[in-house]
> 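There's a structure below that I have some questions on.
Counting from 1, the numbers follow the sequence of the chain as shown.
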Amino acid sequence: MLKGHQSWVFENKPVILGTATVVGPFEGRGPLAKDFSIIHGDSMLEEKSWEKAEKVLIEEAAKLAIENAGLTKEQVQFYIGGDLMNQIISSSFAARTLSIPFLGVFGACSTSMESLALAAMIVNSKSAHYALAGTCSHNASVEKQFRYPTEYGSQKPPTAQYTVTGAGAAIVSDKGEGPVVTSATIGRVIDMGITDPFNMGAAMAPAAVDTMEAHFRDLNIQPGHYDLIVTGDLSKVGYEIACELLKKHKIPMQQTEYKDCGMMIYDYDTQMVQSGASGCGCSAVVTYGHLINRMRKGEIKRMLVVATGALLSPLSFQQGETIPCIAHAVSIEAGRDM
């Protein structure tokens, strides 16, 4: 049901029945490697292009999430997903392979929680028994589209981020055992006038803070309600700005642990990723891999995942537009079996 102005509370507590994460070799050398379902040894995935490889990432994650949920794809009523490629082709072409009724969404790097929120709403309203949510990104395909091809070897500034090669998927169900989705807050588009595609963290931070404020206000709770709050891919620069804004807005984040997925997936000392990670796959693989695993182990009882996205495109950048951003928040709690 609607709570406040922009939040949903899922009174039926849809269950995350199964998840899966698929990453590339670079992500497999990071600190969260043990939490990923599949780590590929070759970023091309034996395909002829980076874009085709990206499609394989989400196909594999979706199929494995369905398998881990103990289902067949014929039992899944809806697939909600999107990505960063033109007209979300990775997700729509994967939907062609999966042959599951498809709802394509685009929230840039916030797509992980946008798709999960919509899947939970569909299941909570009894419009489906099983819904699949997923998203993906590939370093070489995304960098080529939004900045420079990796082959070009351009030098990046310290504010730049490294796009994650990975895909995450989850099956949301009206029955079964596992973590449950309890609420979601849908963000507003926020634009602070930033035009630099190498400074996504600074562009997205205000949107993350705006959504967190709305979540706490709509649900009448404090940050301490959660054991952990994570943003999607602000990385070092955006995370510091977000912390400053939260303090300025008098939000008591000291009540809980606050982290950023973009700062968790890579090792800053050995992997040379400038400010940190970005991409649709960033919050997806950290949440559906590392964080859900921690919840299943009993280390986390409640968490809020605030996925962030920069809504630019090559076309908007070429026309001199600024970078509008958005963030969507989803609350996940340990289920009754955990």
Side-chain angles (χ1 to χ4, degrees), residues 20-30 36-65 73 79-100 102 104-109 111-112 115 132-156 160-169 197-198 200 233 265-266 271-274 277-285 288-289 309-318:
T21 53
V22 182
V23 301
F26 192 66
E27 291 68 27
R29 295 197 294 271
F36 300 137
S37 309
I38 297 174
I39 300 173
H40 282 279
D42 174 19
S43 59
M44 283 294 289
L45 279 67
E46 300 182 356
E47 295 294 323
K48 294 181 179 180
S49 72
W50 305 121
E51 290 77 10
K52 289 180 181 292
E54 181 175 321
K55 177 180 72 73
V56 172
L57 289 172
I58 187 58
E59 286 178 348
E60 289 184 341
K63 290 175 181 177
L64 187 55
K73 66 183 182 68
Y79 163 36
I80 304 98
D83 53 81
L84 293 170
M85 291 297 96
N86 293 346
Q87 287 79 48
I88 58 171
I89 57 169
S90 298
S91 300
S92 56
F93 279 50
R96 177 183 65 183
T97 302
L98 295 167
S99 193
I100 297 172
F102 176 57
V105 296
F106 179 81
C109 303
T111 300
S112 62
S115 57
L132 169 67
T135 189
C136 61
S137 57
H138 192 294
N139 177 268
S141 64
V142 173
E143 292 293 328
K144 181 172 73 174
Q145 175 152 326
F146 287 95
R147 286 169 282 271
Y148 293 107
T150 54
E151 297 89 339
Y152 182 69
S154 63
Q155 185 172 351
K156 294 182 178 180
Q161 294 166 255
Y162 189 94
T163 304
V164 167
T165 297
F198 286 103
M200 294 290 94
D233 55 348
I265 191 169
Y266 296 129
Q271 294 189 282
M272 313 302 287
V273 289
Q274 287 82 29
S278 67
C280 287
C282 180
S283 57
V285 300
Y288 295 144
L311 304 176
L312 80 162
S313 75
L315 182 61
S316 69
F317 176 74
Q318 290 162 8

> Check the pair Thr111 / Ile88 against side chain to side chain contact (heavy atoms under 4.5 Å, CB included), numbers first and verdict last.
CA-CA 11 Å; Thr111 300; Ile88 58 171; over 6 Å; no

> Lys156: what forms a salt bridge (charged side-chain N to carboxylate O under 4.0 Å, His left out) with it, not counting sequence neighbours?
Glu143

> How far apart are the closest heavy atoms of Val105 and Ser115, and which atoms are they?
CG2-CB, 4.4 Å

> Nearest 0.5 Å, please: how far is CZ in Arg29 from CD1 in Ile39?
10.5 Å

> Kindly indicate whether the side chain of Ile265, heavy atoms from C-beta on, has any atom under 4.5 Å from the side chain of Val273.
no

> Listed by chain and number, what are the side-chain hydrogen bond (donor to acceptor under 3.5 Å, both in side chains) partners of Ser278, not counting sequence neighbours?
none

> Pair Phe146, Thr163 - check side chain to side chain contact (heavy atoms under 4.5 Å, CB included), show working.
CA-CA 10 Å; Phe146 287 95; Thr163 304; over 6 Å; no

> Assess, by modelled atom type and distance only, whether the side chains of Thr165 and Ser43 contain a donor and an acceptor separated by less than 3.5 Å.
no

> Would you give the length of the straight line joining atom CD1 of Ile38 to atom OG1 of Thr21, rounded to the nearest 0.5 angstrom?
8.5 Å

> Can you list the residues that meet the side-chain hydrogen bond (donor to acceptor under 3.5 Å, both in side chains) rule with Ser137, with sequence neighbours excluded?
none

> Can you name the nearest heavy-atom pair linking Cys280 to Thr135, along with the distance?
CB-OG1, 3.3 Å

> Measure across Ala65 and Ala169 and return the closest heavy-atom pair with its distance rounded to 0.1 Å.
CB-O, 3.8 Å

> Less than 4.5 Å apart, any side-chain heavy atom of Ser92 and any of Gln87?
no

> Anything under 30° is parallel, anything over 60° is perpendicular, the rest tilted; go ahead and classify Tyr266 against Tyr162.
perpendicular

> Under 4.5 Å between any side-chain heavy atoms of Val285 and Glu27, yes or no?
no

> Identify the two heavy atoms, one from Val164 and one from Ala277, that lie closest to each other, and give their separation to 0.1 Å.
CG2-CB, 3.7 Å

> Can you give me the closest heavy-atom contact between Val23 and Gly28, atom names plus distance?
CG2-N, 4.3 Å

> What's the separation between atom OH in Tyr288 and atom OG in Ser112, rounded to the nearest 0.5 Å?
6.0 Å

> Under the side-chain hydrogen bond (donor to acceptor under 3.5 Å, both in side chains) test, which residues partner Ser91, sequence neighbours left out?
Asp83

> To the closest 0.5 Å, what do you measure between CD (Gln145) and CE (Met85)?
4.0 Å

> Let me confirm one number: the CG-CD distance from Leu312 to Gln318, rounded to the nearest 0.5 Å.
10.5 Å

> Checking Tyr79 now: which residues fulfil ring pair (Phe, Tyr, Trp, His ring centres under 6.0 Å) with it, not counting sequence neighbours?
Phe102

> Show me the side-chain donor-acceptor pairs of residues 49-60 shorter than 3.5 Å, one per line, residues at least two apart or across chains.
unit_1: Ser49; atom_1: OG; unit_2: Lys52; atom_2: N; d: 3.1
unit_1: Trp50; atom_1: NE1; unit_2: Glu151; atom_2: OE2; d: 3.3
unit_1: Glu51; atom_1: OE2; unit_2: Lys144; atom_2: NZ; d: 3.0
unit_1: Glu54; atom_1: OE1; unit_2: His138; atom_2: N; d: 3.3
unit_1: Glu54; atom_1: OE1; unit_2: Ser141; atom_2: OG; d: 2.5
unit_1: Glu54; atom_1: OE2; unit_2: Ser90; atom_2: OG; d: 3.0
unit_1: Lys55; atom_1: NZ; unit_2: Glu59; atom_2: OE2; d: 2.9
unit_1: Glu59; atom_1: OE2; unit_2: Thr97; atom_2: OG1; d: 2.7
unit_1: Glu60; atom_1: OE1; unit_2: His40; atom_2: NE2; d: 2.6

